[in-house]
Amino acid sequence: MLAGEYYLANDETLVRERLECKKLLKKLNVDEYLMNDNAKTILAKLIPNAPESLYIEPPFNCDYGYNITCGENVYFNVNCVVLDVMSVTLGNNVFCGPHVQIYTATHPLDAEQRRVKENAKPVTIGDDCWIGGGSVICPGVTIGNRCVIGAGSVVTKDIPDDSLAVGNPAKVIRKLN
């Protein structure tokens, strides 16, 4: 799975790990629902590859948590989803608006193969990026440093440093200073 090869999503170990993740998400999203000391303790278990400065406005959802790596000062607004079947790397000072979705999971185009197997591609977001609300970041995408992704955009291809990208599919409309 982590190598980007086809895998069985119903593998016993993967099912168990997703269940553990869901238990932590329940504690974060239902039991706490506020970013307090208890929520920070839960986040440290849920996303162990993130500094203490990670801030998430519940509710938040992910598949495993341990495949998410964050730099300093990463912020997720409400209702964000990270399908972290493979690595999701966010740099420093990355701000995600509400309803941002980051997908690494993908599926075979062949219908018979799709019934039983999945695969994934990593997502990387550079430093000092702002991902507008409702944006979708697709599998395999790299967003460069200092980028802004306009609200509602669907990012299907890499975005170079210092770019403003908007639309579906997202296109660079200008360079940023």
Side-chain angles (χ1 to χ4, degrees), residues 2-4 21 25 28-29 32-37 39-40 42-107 119-177:
L2 295 176
C21 180
L25 288 168
L28 178 70
N29 293 333
E32 294 306 321
Y33 204 70
L34 299 170
M35 192 48 55
N36 56 29
D37 288 342
K40 287 186 180 236
I42 294 164
L43 275 181
K45 292 177 187 171
L46 179 66
I47 305 175
N49 300 314
E52 197 173 311
S53 63
L54 172 64
Y55 194 96
I56 293 177
E57 291 284 353
F60 174 81
N61 284 289
C62 61
D63 283 332
Y64 298 95
Y66 60 75
N67 288 327
I68 302 169
T69 301
C70 297
E72 292 289 337
N73 302 314
V74 170
Y75 174 80
F76 285 97
N77 208 322
V78 297
N79 293 314
C80 288
V81 175
V82 180
L83 299 185
D84 63 317
V85 174
M86 188 175 252
S87 66
V88 174
T89 305
L90 297 99
N92 297 312
N93 306 307
V94 174
F95 306 117
C96 295
H99 300 278
V100 166
Q101 301 171 63
I102 301 172
Y103 303 150
T104 64
T106 186
H107 303 275
N119 65 319
K121 297 176 183 176
V123 169
T124 302
I125 299 173
D127 293 336
D128 300 302
C129 290
W130 174 23
I131 312 300
S135 293
V136 175
I137 313 300
C138 291
V141 165
T142 296
I143 296 173
N145 296 311
R146 299 170 304 278
C147 290
V148 174
I149 307 300
S153 295
V154 178
V155 184
T156 60
K157 296 184 182 193
D158 293 352
I159 305 295
D161 291 348
D162 302 302
S163 296
L164 170 61
V166 299
N168 181 4
K171 294 182 179 162
V172 174
I173 60 169
R174 72 177 173 100
K175 292 301 253 177
L176 300 172
N177 294 335

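For this chain, numbers begin at 1 and follow the sequence in order. Please read all numbers here as calculations on a predicted model, not as lab measurements. All values below come from the heavy atoms of this structure, side chains included, with hydrogens, waters and symmetry mates left out.
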>> Is the shortest side-chain heavy-atom distance between Ile102 and Ile125 below 4.5 Å?
In response: yes
> Does some side-chain heavy atom of Cys80 sit less than 4.5 Å from a side-chain heavy atom of Glu57?
Replying inline: no
> Crowded around Asn36 CG? As in, over 12 foreign heavy atoms under 6.0 Å?
Replying inline: yes
>> Counting neighbours of NZ on Lys40 that are heavy atoms of other residues, nucleotides or ligands and sit closer than 6.0 Å, is the number greater than 12?
In response: yes
> Given Ile56, which of Ile47, Asn29, Val74, Val78 fulfils the side-chain contact (heavy atoms from CB on, under 4.5 Å) condition?
Replying inline: Ile47
>> Quick check: do Leu46 and Cys21 have side-chain heavy atoms less than 4.5 Å from each other?
In response: yes
> About how many Å separate CG of Asp161 and NZ of Lys175, when rounded to the nearest 0.5 Å?
Replying inline: 6.5 Å
> Taking only residues two or more places apart in sequence, or in another chain, which ones meet Asn177 in a side chain to side chain donor-acceptor pair (under 3.5 Å)?
Replying inline: none
>> Checking Asn145 now: which residues fulfil side chain to side chain donor-acceptor pair (under 3.5 Å) with it, not counting sequence neighbours?
In response: none
> Quick check: does any side chain N or O of Asn92 sit under 3.5 Å from a backbone N or O of Asp127, one acting as donor and the other as acceptor?
Replying inline: no
>> Tell me whether Asp84 contacts the main-chain N or O of Tyr64 through its side chain, where contact means a donor paired with an acceptor under 3.5 Å.
In response: yes
> With no hydrogens and no angle check, is any side-chain donor or acceptor of Thr104 less than 3.5 Å from a backbone partner on Leu83?
Replying inline: yes
>> Once rounded to the nearest 0.5 Å, what's the spacing between atom CG of Leu28 and atom CG of Asn61?
In response: 9.5 Å
> Do the non-hydrogen side-chain atoms of Ser135 and Gln101 ever get within less than 4.5 Å of each other?
Replying inline: no
> Between Asp162 and Arg146, is there a side-chain N and carboxylate O pair less than 4.0 Å apart?
Replying inline: yes
>> If you define the side chain from C-beta out and look only at heavy atoms, does anything of Pro59 sit under 4.5 Å from Asn79?
In response: yes
>> Let me confirm one number: the CD1-CD1 distance from Ile143 to Ile137, rounded to the nearest 0.5 Å.
In response: 3.5 Å
> Between Tyr103 and Val141, is any pair of side-chain heavy atoms under 4.5 Å apart?
Replying inline: no
> Are Asn168 and Val136 close enough that some pair of their side-chain heavy atoms sits under 4.5 Å apart?
Replying inline: no
>> Run the side chain to side chain donor-acceptor pair (under 3.5 Å) test against Thr142 and tell me which residues pass, sequence neighbours left out.
In response: none
> To the nearest 0.5 Å, how far apart are CG in Leu164 and SG in Cys147?
Replying inline: 9.0 Å
> For the atom pair CG (Leu90) and CG (Asn93), what is the distance rounded to the nearest 0.5 Å?
Replying inline: 11.5 Å
> Between Ser53 and Gly71, what is the shortest heavy-atom contact and its length?
Replying inline: OG-O, 4.4 Å
>> Please report the interatomic distance CZ(Phe95) to CH2(Trp130), rounded to the nearest 0.5 Å.
In response: 10.5 Å
> Would you say the side chain of Pro169 lies within less than 4.5 Å of the side chain of Val154, judging by non-hydrogen atoms?
Replying inline: no
